[in-house]
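In what follows, a structure is listed as structure tokens, so that the remarks can point back to it.
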Number of protein chains: 2
Amino acid sequence: MTQIKENSTRNFNKATSPCPVTYAINKIGGHWKPIILYQLMSGPKRYSELKRAIPAVTEKMLIQHLKQLQDDNLVIRKAENVVPPFVTYFLSEAGEDLTIVLNAMAEWGIRDSKRHLKSA
Amino acid sequence: MTQIKENSTRNFNKATSPCPVTYAINKIGGHWKPIILYQLMSGPKRYSELKRAIPAVTEKMLIQHLKQLQDDNLVIRKAENVVPPFVTYFLSEAGEDLTIVLNAMAEWGIRDSKRHLKSA
DNA sequence: CAGAATCCTATACGATACTG
DNA sequence: CAGTATCGTATAGGATTCTG
């Protein structure tokens, strides 16, 4: 039945990579995670605020990645038990620590796009 | 023929996102790109050296991402015209600029894994 | 040595509709 | 408001074989 190999590269990857960059990628590597985290850097946000802040993301992706970020202890979800629901997301301590990374990424992005304007 | 919508979110994403983090993700977002770049930070490397340094990557992924990194002007390929072939890869100026980002990622990775050791 | 080609699976991602 | 559920496509990624 076209089994997947026990020792496939895929399994090996997830298992034990001592590379800290690999470790980080596995936590913030999704296409949307850095963007979500970047939005949360400016403070707690409601679900609907995040959706508005990132128009390109679908509800499915937003929820899915928010869940993964919670599982990885980067984001904390706080829900008031009221009607209508009031749910806010904010960075955990580990999430706050990513500020340096995300800012570096953002700065590089700006610098690199400028570089291409010049050479164009 | 199950056409894709003209104004699909997918197209919108690639088009114009003003978010610098999104821009950066689009350039270094692949699962392997940061790892490859991280390896090249320590200096020029031959193809085979990269392969050895990153055992988990397949040849296809390695070549594919190296190509994309070249297209994005982050990595430069230099081939000596000899037999057997001698090809080295090294960081461009823009690639070097990523050092800050990659180091920040690596440091965060180390810190975060320590954090989980404590709480476990 | 450095890579290209082929074929396949797994996952990411998106659109839409529905719910407590 | 803040999600779930379902279904579909697109892309990433992997195994293997072959070549200048």
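Computation of the quantities below employed the complete heavy-atom set of this structure, encompassing side-chain atoms and omitting hydrogens, waters and symmetry-equivalent molecules. Letters A, B, ... mirror the listed sequences (proteins, then strands); counts begin at 1.
Among all heavy-atom pairs drawn from Val21(A) and Pro34(B), the shortest one is CG1-CB, 3.9 Å.
Ile25(B) has its CD1 atom 18 Å from the P atom of dT11(D), to the nearest Å. The CG-C1' distance, from Leu62(B) to dA12(D), rounds to 15 Å in whole Å. For the pair Asn26(B) CG and dA12(D) P, the computed distance is 11 Å after rounding to whole Å. If you take CD1 of Ile63(A) and P of dG3(D), they are 4 Å apart, rounded to a whole angstrom. Following rounding to the nearest Å, Lys45(A) (NZ) and dC1(D) (P) show an atom-to-atom distance of 17 Å. Straight-line distance from the CG atom of Leu66(A) to the C1' atom of dT4(D): 15 Å, rounded to whole Å. Going from atom NZ of Lys67(B) over to atom P of dA12(D) covers 14 Å, rounded to whole Å. Straight-line distance from the OH atom of Tyr89(A) to the P atom of dC1(D): 14 Å, rounded to whole Å.
Distance from the side chain of Pro85(A) is smallest for dA2(D) among the nucleotides dA2(D), dA2(C), dC13(C). Listed nucleotides dA15(D), dC1(C), dA2(D) differ in distance to Val87(A); the shortest reach to its side chain belongs to dA2(D). Proximity note for His65(A) (side chain, C-beta onward) versus dC13(C), dG13(D), dG3(D): the nearest is dC13(C). Of the candidate nucleotides dA2(D), dC13(C), dA2(C), dA2(D) has the atom lying nearest to any side-chain atom of Ser48(A). Here the side chain of Thr58(B) is nearest to one of dC13(C), dG20(C), dA15(D), namely dA15(D).
Judged by distance alone, the side chain of Ser92(A) and the main-chain N or O of Asn73(A) form a donor-acceptor pair under 3.5 Å. In terms of modelled atom types and a separation under 3.5 Å, the side chain of Trp108(A) and the main chain of Ala94(B) share a donor-acceptor contact. In this structure, Glu49(B) contributes its side chain and Arg46(B) its backbone to a donor-acceptor pair below 3.5 Å.
In this structure, Glu59(A) reaches the bases: a heavy-atom distance under 4.0 Å links it to at least one base atom across the strands shown.
Nearest-nucleotide positions on DNA chain D place Lys51(A) closer to the 5' end than the other of Lys51(A) and Gln64(B). Between Gly30(A) and Arg46(B), the residue anchored closer to the 5' end of DNA chain C is Arg46(B), taking for each the nucleotide with the nearest heavy atom.
Within a 6.0 Å radius of CD1 in Ile100(B), no more than 12 heavy atoms belonging to other residues, nucleotides or ligands are found. Annotation for Ile76(A): atom CD1 counts as buried by contact number, over 12 foreign heavy atoms lying within 6.0 Å.
Between the side chains of Lys45(B) and Ser42(B), a donor-acceptor pair is found at a separation under 3.5 Å.
Across residues 73-84 of chain A, not one residue has a non-hydrogen atom less than 4.0 Å from an atom of DNA chain C.
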